[in-house]
Amino acid sequence: MKRGFLNSDKAKKALSSTSPKVYDASADKPPLVMKLPYGKVANAGRPEGYNSLQVPIMEMAAECLDHPEGAVLYTSIPIRRSRSSYDDEPTGWSECFITSSVKRQIYETVGFCRAPPQPERVNFRVSLTSDMGLGMFATCSLKMGDLILSERPLIVSPAATRVTFQKPSGFTDEQYTQAILFEREKALEECLKRMFPESRKAFYALANSHTEDGSGPIVGRIRTNGFTVGKGFYDKQYGETSGAYSATCDKLSRINHSCRPNTTYTFDVASFSFQLRAMRDIKSGEQLFCSYSTVTLPAADRKRQLAPYGFQCTCASCSGDTANSDRVRTNHIDLISVNRAEYDIWAGIPRYLRNNSILQSSLDLLSDVENEGLRATAFYPLLLCTISEIYAQLGDTANANLYLGRQEAWKIARNQEPFKWDEIIAKAKRNFKF
Ligand SMILES: C[S@@+](CC[C@H](N)C(=O)[O-])C[C@H]1O[C@@H](n2cnc3c(N)ncnc32)[C@H](O)[C@@H]1O
């Protein structure tokens, strides 16, 4: 690949806005990622005396899956033809900065690139909140599992900041970090150039909580608004976490955070879109929330995860007495699996010898788990299943079906079958003294 190709007149002429382009920041990329600063950083911005990398960009056919191994590509999903207009793709295009291996993983996904599923009607609006900037609000009542929004991201790029060049001699770690941020911004500018003006405008209208840490306007907005695409594709050489991707949307990125979220989102690679669904019944007019942090962590750890977004969560689990909330969150797997083990034993006792306290203790646990906003976790459906089975054993078919229905709604909302719990329950039974 020719170094300096990007800056030549020939290259500028050759780069149309639609075909995929290959970016090669370094011939040998060490699989390292860097922790980025946030808040107010002294000497933020391009370090003095830093000579920016001259990165070659080459043009390739959009359909090509045979790019050089390790190359990073600019590509549009779905494929954009030179005569495509913004309105040709009602669910939009995503401008992607992805490796050749990730492009292959995406294109080889069964069903790619089908149209995203759409809700039957518009059921949310974006409007101003009193204390969180813009937010999303339900415009009708929603049931658990209902599809609220299906949206293709505006931009997709690596979630972690990959270190693609060695520290320049004489640079401090802080200057090195700033140089990496500068290069990341420069690399992403090509994605913005490729966007339709409507999408570019929507991207720059998004909130930015990284204006003083050296993040440029693109990196800052991605850090503020990007959702990690947890499954479906990642760069294996960096591992599942550091190799993950971040996707920023026009509408979905307006959703605010709560540690007790009422929605959940999943990413469907086949339609290359996010689906936002109700995680509980929601009243018309209620604000919609998702969680930006790991809900199963204690309050102090969640606060650390949220700090880069520039706000402190004021939900009841963060601002009240956090001890009980932390206990339920961090122990919810044990609590739910022990409950299941207790149920299994109870169900094996002859009916005339049983008492029914298992029902009340299970409902109490459900109430704790739901209050803490843990409905999207993998063990929540086990608790629903246990309660449904208790009701079935007690001959209460209506309630048995109600909880079974909620388990079905969970499957839809999370777009997955419940986890296989058997081994964990067996372990709980071994550890539990009856
Ligand atoms: C992804 S954006 C959400 C949309 C944003 N409110 C807007 O006006 O575009 C993330 C930013 O929203 C704000 N935010 C989100 N959740 C919040 C909360 N629970 N409390 C206060 N601010 C919040 C923070 O400024 C955060 O950096």
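Both counts, for ligands and for their atoms, begin at 1 and track the order of listing.
The backbone and the side chain of Y309 each have at least one atom closer than 4.0 Å to an atom of ligand 1 (non-hydrogen atoms only). Residue contacts with ligand 1, taken as heavy atom pairs separated by less than 4.0 Å, do not involve F289 at all. The backbone of I255, and not its side chain, has at least one atom closer than 4.0 Å to an atom of ligand 1 (non-hydrogen atoms only; backbone = N, CA, C, O).
For atom 5 (C) of ligand 1, the nearest non-hydrogen atom of the protein is L134 O, 3.5 Å. Counting protein heavy atoms only, atom 20 (N) of ligand 1 is closest to F311 CD1, 3.3 Å. Looking only at heavy atoms of the protein, atom 10 (C) of ligand 1 is closest to Y292 OH, 3.3 Å. At the shortest separation from atom 9 (O) of ligand 1 among protein heavy atoms lies R254 NH1, 2.6 Å. From the protein, the heavy atom lying nearest to atom 6 (N) of ligand 1 is M132 O, 2.6 Å. Taking atom 14 (N) of ligand 1 as the reference point, the nearest protein heavy-atom neighbour is N256 OD1, 3.4 Å. From the protein, the heavy atom lying nearest to atom 16 (N) of ligand 1 is H257 N, 2.9 Å.
Donor-acceptor pairing under 3.5 Å is recorded for the side chains of S215 and D213. No side-chain N or O of T263 forms a donor-acceptor pair with one of R277 less than 3.5 Å apart. In this structure, a donor-acceptor pair under 3.5 Å is absent between the side chains of T91 and E151. Between N256 and Q287, the side chains place a donor N or O and an acceptor N or O closer than 3.5 Å (distance only, hydrogens not considered).
Comment: D146 does not engage K143 in a salt bridge, judged by the lack of any side-chain N to carboxylate O separation of less than 4.0 angstrom. E185 has no carboxylate O lying under 4.0 Å from a charged side-chain N of R221, or vice versa, which leaves the two without a salt bridge. No salt bridge links R194 with E189; every basic N to acidic carboxylate O contact stays at or beyond 4.0 Å. Checked for salt-bridge contact, R162 and E183 miss the test: no charged N lies under 4.0 Å from a carboxylate O. A salt bridge does not link K283 to E286: none of the charged nitrogens lies less than 4.0 Å from a carboxylate oxygen.
Residue S209 approaches ligand 1 through these ligand atoms, each under 4.0 Å from one of its heavy atoms: 27 (O). Which parts of ligand 1 touch S253 is read off a 4.0 Å heavy-atom cut-off, strictly below it: atoms 1 (C), 2 (S), 3 (C), 4 (C). Remark: ligand 1 atoms within the under-4.0 Å shell around heavy atoms of A207 are 7 (C), 9 (O).
At a 4.0 Å cut-off, at least one heavy atom of N225 sits close enough to ligand 1 to count as contact.
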